[in-house]
Enquirer: 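Here it is, the structure, as structure tokens.
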Amino acid sequence: MDTIYALATAPGRAGVSVFRLSGPKASDIAALMVGSVPEARGLRRVRNGDGEILDEALILRFAQNRSFTGEEVVEFHLHGSVAVAAAVSNRFASLGARLAEPGEFTRRALENGRLDLAQVEGLADLIDAETEAQRKQALAVFSGVLGDLAETWRKDLIRAAALVEATIDFVDEDVPVNVYPEVNALLDRTTSAMSQQIRGVGAAERIRNGFEVAIVGRPNVGKSTLLNRLAGRAAAITSEVAGTTRDIIEVRMDLGGLPVTLLDTAGMRETDDIVESLGVQLALDRARLSDLRVFLIEEDRDLPLEPLENDIVVRAKVDDGGEGVSGLTGHGVDELVQKITRVLSQLSAGAGIAIRDRHRHAMEKALVSIRAAEELIVADGPPDLIAEDLRSATRAVDMIVGRVDVEDLLDEIFSSFCIGK
């Protein structure tokens, strides 16, 4: 196993630069650079091969099985100089350490049992989190909540399979105890919890990836002006000429801790302009796929689409006050933002702990096997077939935390991490 190193802080000039060194020779390499490596932490002078002082650093040592990677780890907390970082990096390489690949520290944590795959995904989401809702969601997964839930399902399924397998020894004689009431109770509990999580994946994914809110209306109804007001900048071109917006303009925002992308769509009308008609069709398609539509109208008949239950319809260009909104003056904008936030909060209320499509597929696969087992139980089917279905369900649950059938996913997952993580 190679000893790897990487800069764990952002490159460039900074107050502090942190290098992480992990692997079987971490302490040996560190000792050649700082002399005696502290048991836990200590201030040391870092030297090159000629004994020249490169910097004075805080050295932290983490013993095997007590570090992030599960290996022996030594961290160098140096002054944030580009020159110092380059010199220390060269010294690591000259002593036999290898520059880590993207996500390699976290991958070693997975391989050494410090994290399960769901926690790795949670860590990636935590690093990328932009809003409070994303932070909370990612932290829950990173802390192991989903893994704990999967472990509960796994234990119940193994228990159910063991009870069924126990009856195989009594095929030609009476079974001393009817195990199926307990088996059914275990399966009911598991299917109920899984179904709840599956229902919540859609909302959880929206929190992770962001909601889309489309501003929809006829040409010149004030959509671009409203978008600019919400964005606090000139994100879209505004003009009195109908059809100015031909493409969809996106603005990313944080509304009540939720990640939201606002879409300024082309004014919806019939037109002979080929380019504008393409923009109108694109606007219609994107609006239908959005989580929420805000319809701006000047008259009641101005609705270009049929609003859905949660959609917001608001009168536009109410520059002089009254019921409605004005992107020009800002009238009613705060109230509109509150409405949007309230609707999206309701949509996200059902979010579960499972946050990725991969989790949903694994749970759905497990439920298929569980239901097959339940049907065999009702039909008084062969115990060995029932047990095999329950083992299949267990393997599907194991996919959630990376115990089986996920090797093809690992390179893709870890490629999203920075080199120092």
Enquirer: Check side-chain contact (heavy atoms from CB on, under 4.5 Å) between Arg98 and all other residues, then give those that pass, not counting sequence neighbours.
Expert: Asp2, Ile4, Glu101, Glu104, Arg108
Enquirer: Return yes if some donor-acceptor pair links the side-chain N/O of Gln197 with the main-chain N/O of Met194 below 3.5 Å, else return no.
Expert: no
Enquirer: Would you name the heavy atoms of Ser290 and Leu263 that are closest together and state the gap between them?
Expert: OG-CD1, 3.6 Å
Enquirer: Using the rule given for side chain to side chain contact (heavy atoms under 4.5 Å, CB included), can you reason through Val251 versus Leu230, listing the C-alpha separation, both sets of side-chain angles and the distance that settles it, and then say yes or no?
Expert: CA-CA 9 Å; Val251 172; Leu230 291 168; over 6 Å; no
Enquirer: Tell me the salt bridge (Lys or Arg N to Asp or Glu O under 4.0 Å) pairs involving residues 136-152, sequence neighbours left out?
Expert: Glu151-Arg403
Enquirer: Please test Arg371 against Glu374 for salt bridge (Lys or Arg N to Asp or Glu O under 4.0 Å), starting from the C-alpha separation and ending with a verdict.
Expert: CA-CA 5 Å; Arg371 286 166 181 153; Glu374 289 175 328; 5.4 Å; no
Enquirer: Is it true that, when you exclude Gln196 itself, more than 12 heavy atoms of the residues, nucleotides or ligands shown sit nearer than 6.0 Å to its CD?
Expert: no
Enquirer: Does any N or O in the side chain of Asp55 come within less than 3.5 Å of the main-chain N or O of Val46, such that one atom is a donor and the other an acceptor?
Expert: no
Enquirer: Can you list every salt bridge (Lys or Arg N to Asp or Glu O under 4.0 Å) pair that touches residues 329-347, not counting sequence neighbours?
Expert: none
Enquirer: How far does CG of Leu117 sit from CG of Asp398, to the nearest 0.5 angstrom?
Expert: 12.0 Å
Enquirer: For the atom pair OH (Tyr180) and CG (Leu187), what is the distance rounded to the nearest 0.5 Å?
Expert: 10.5 Å
Enquirer: Is there a donor-acceptor pair closer than 3.5 Å between any side-chain N or O of Thr341 and the backbone N or O of Val337?
Expert: yes
Enquirer: For Arg315 and Gly324, indicate whether the former's side chain and the latter's backbone hold a donor-acceptor pair under 3.5 Å.
Expert: no
Enquirer: Please test Val260 against Leu292 for side chain to side chain contact (heavy atoms under 4.5 Å, CB included), starting from the C-alpha separation and ending with a verdict.
Expert: CA-CA 10 Å; Val260 179; Leu292 175 66; over 6 Å; no
Enquirer: Using the test salt bridge (charged side-chain N to carboxylate O under 4.0 Å, His left out), find all partners of Glu39 that sit at least two apart in sequence or belong to another chain.
Expert: Arg61
Enquirer: Give the minimum heavy-atom separation between Ile207 and Pro259, together with the two atoms involved.
Expert: O-CG, 3.1 Å
Enquirer: Under the 3.5 angstrom rule, does the side chain of Arg13 hit a backbone N or O of Val82 as a donor-acceptor pair?
Expert: no
Enquirer: Checking Gln137 side chain against Ala204 main chain: does a donor-acceptor pair fall under 3.5 Å?
Expert: yes
Enquirer: Measuring only between side-chain heavy atoms, which start at C-beta, is Leu123 closer than 4.5 Å to Phe68?
Expert: yes
Enquirer: Atom CD in Glu165, atom CD in Glu388: separation rounded to 0.5 Å?
Expert: 9.0 Å
Enquirer: For Ala57, does its backbone N or O pair with a side-chain atom of Arg44 as donor and acceptor, under 3.5 Å?
Expert: no
Enquirer: What's the spacing between Glu364 CD and Ser195 OG if we round to 0.5 Å?
Expert: 9.5 Å
Enquirer: Looking only at heavy atoms, what is the nearest atom pair of Pro38 and Ile59, with distance?
Expert: CG-O, 3.6 Å
Enquirer: Could you pull out the closest heavy-atom pair between Gly381 and Ile386, with the gap in Å?
Expert: O-CD1, 3.8 Å
Enquirer: Going by side-chain contact (heavy atoms from CB on, under 4.5 Å), name the residues that satisfy it together with Glu375, two or more places apart in sequence or in a different chain.
Expert: none
Enquirer: Minimum heavy-atom separation for Asp116 to Leu110, with atom names?
Expert: C-CD1, 3.7 Å
Enquirer: Please enumerate all residues that pass side-chain contact (heavy atoms from CB on, under 4.5 Å) together with Ser143, with sequence neighbours excluded.
Expert: Val145
Enquirer: Output all residues satisfying ring pair (Phe, Tyr, Trp, His ring centres under 6.0 Å) with Phe92, sequence neighbours left out; order by chain, then residue number.
Expert: Tyr5, Phe19, Phe76
Enquirer: Using side-chain heavy atoms (C-beta onward) and a distance below 4.5 Å, is Thr69 in contact with Arg114?
Expert: no
Enquirer: Between Arg218 and Glu298, is there a side-chain N and carboxylate O pair less than 4.0 Å apart?
Expert: no
Enquirer: Are any of the side-chain heavy atoms of Leu328 and Lys317 separated by less than 4.5 Å?
Expert: no
Enquirer: Between atom CE of Met33 and atom CG of Leu95, what is the distance when rounded to the nearest 0.5 Å?
Expert: 6.5 Å
Enquirer: Evaluate the criterion side chain to side chain contact (heavy atoms under 4.5 Å, CB included) for residue pair Val201 and Met363; output intermediate values, then yes/no.
Expert: CA-CA 11 Å; Val201 169; Met363 291 185 291; 4.1 Å; yes
Enquirer: Shortest non-hydrogen contact from Ser81 to Ser17?
Expert: N-OG, 4.4 Å
Enquirer: Quick one: does Thr131's side chain have a donor or acceptor within less than 3.5 Å of a partner on Gln134's backbone?
Expert: yes
Enquirer: Side-chain contact, heavy-atom cut-off 4.5 Å: Val213 with Val343?
Expert: no
Enquirer: Once salt bridge (Lys or Arg N to Asp or Glu O under 4.0 Å) is applied, what residue pairs with a partner in residues 77-91 remain, sequence neighbours excluded?
Expert: none
Enquirer: Mind checking side-chain contact (heavy atoms from CB on, under 4.5 Å) for Asp357 and listing every partner two or more places apart, or none if nothing turns up?
Expert: Glu205, Arg360, His361
Enquirer: Taking the side chain as C-beta and beyond, is there a heavy-atom pair between Leu186 and Leu163 under 4.5 Å?
Expert: yes
Enquirer: Between atom CG of Leu390 and atom CD1 of Ile370, what is the distance when rounded to the nearest 0.5 Å?
Expert: 7.5 Å
Enquirer: Only one of Leu226, Asn228, Leu227, Val216 clears side chain to side chain contact (heavy atoms under 4.5 Å, CB included) with Asp264; which?
Expert: Leu227
Enquirer: Checking Arg41 now: which residues fulfil side-chain hydrogen bond (donor to acceptor under 3.5 Å, both in side chains) with it, not counting sequence neighbours?
Expert: none
Enquirer: Under a 3.5 Å distance rule, please check whether Thr9 uses its side chain to pair with a backbone N or O of Val18 as donor and acceptor.
Expert: yes
Enquirer: Per the side chain to side chain donor-acceptor pair (under 3.5 Å) rule, which among Arg252, Glu212, Glu250 passes with Thr261?
Expert: Arg252
Enquirer: If the condition is side-chain hydrogen bond (donor to acceptor under 3.5 Å, both in side chains), which residues does Asp125 pass it with, not counting sequence neighbours?
Expert: Arg208, Arg356
Enquirer: Counting N and O atoms only, with roles assigned by atom type, does the side chain of Thr3 sit under 3.5 Å from a partner on the main chain of Lys25, one being a donor and the other an acceptor?
Expert: yes
Enquirer: Can you confirm whether Val74 sits close enough to Val34 that some side-chain heavy atom of one is under 4.5 Å from a side-chain heavy atom of the other?
Expert: no
Enquirer: Below 4.5 Å, heavy atoms only, C-beta onward: do Glu71 and Asn112 meet side chain to side chain?
Expert: yes
Enquirer: Would you say the side-chain atoms of Ser392 and Arg395 include a donor-acceptor pair closer than 3.5 Å?
Expert: yes
Enquirer: State, yes or no, whether a side-chain contact exists between Ile340 and Val294 at a heavy-atom distance under 4.5 Å.
Expert: yes
Enquirer: Quick test of your reading: applying salt bridge (Lys or Arg N to Asp or Glu O under 4.0 Å), list the pairs with at least one residue in residues 178-192, sequence neighbours left out, ordered by first then second residue.
Expert: Asp156-Arg189, Arg159-Glu182
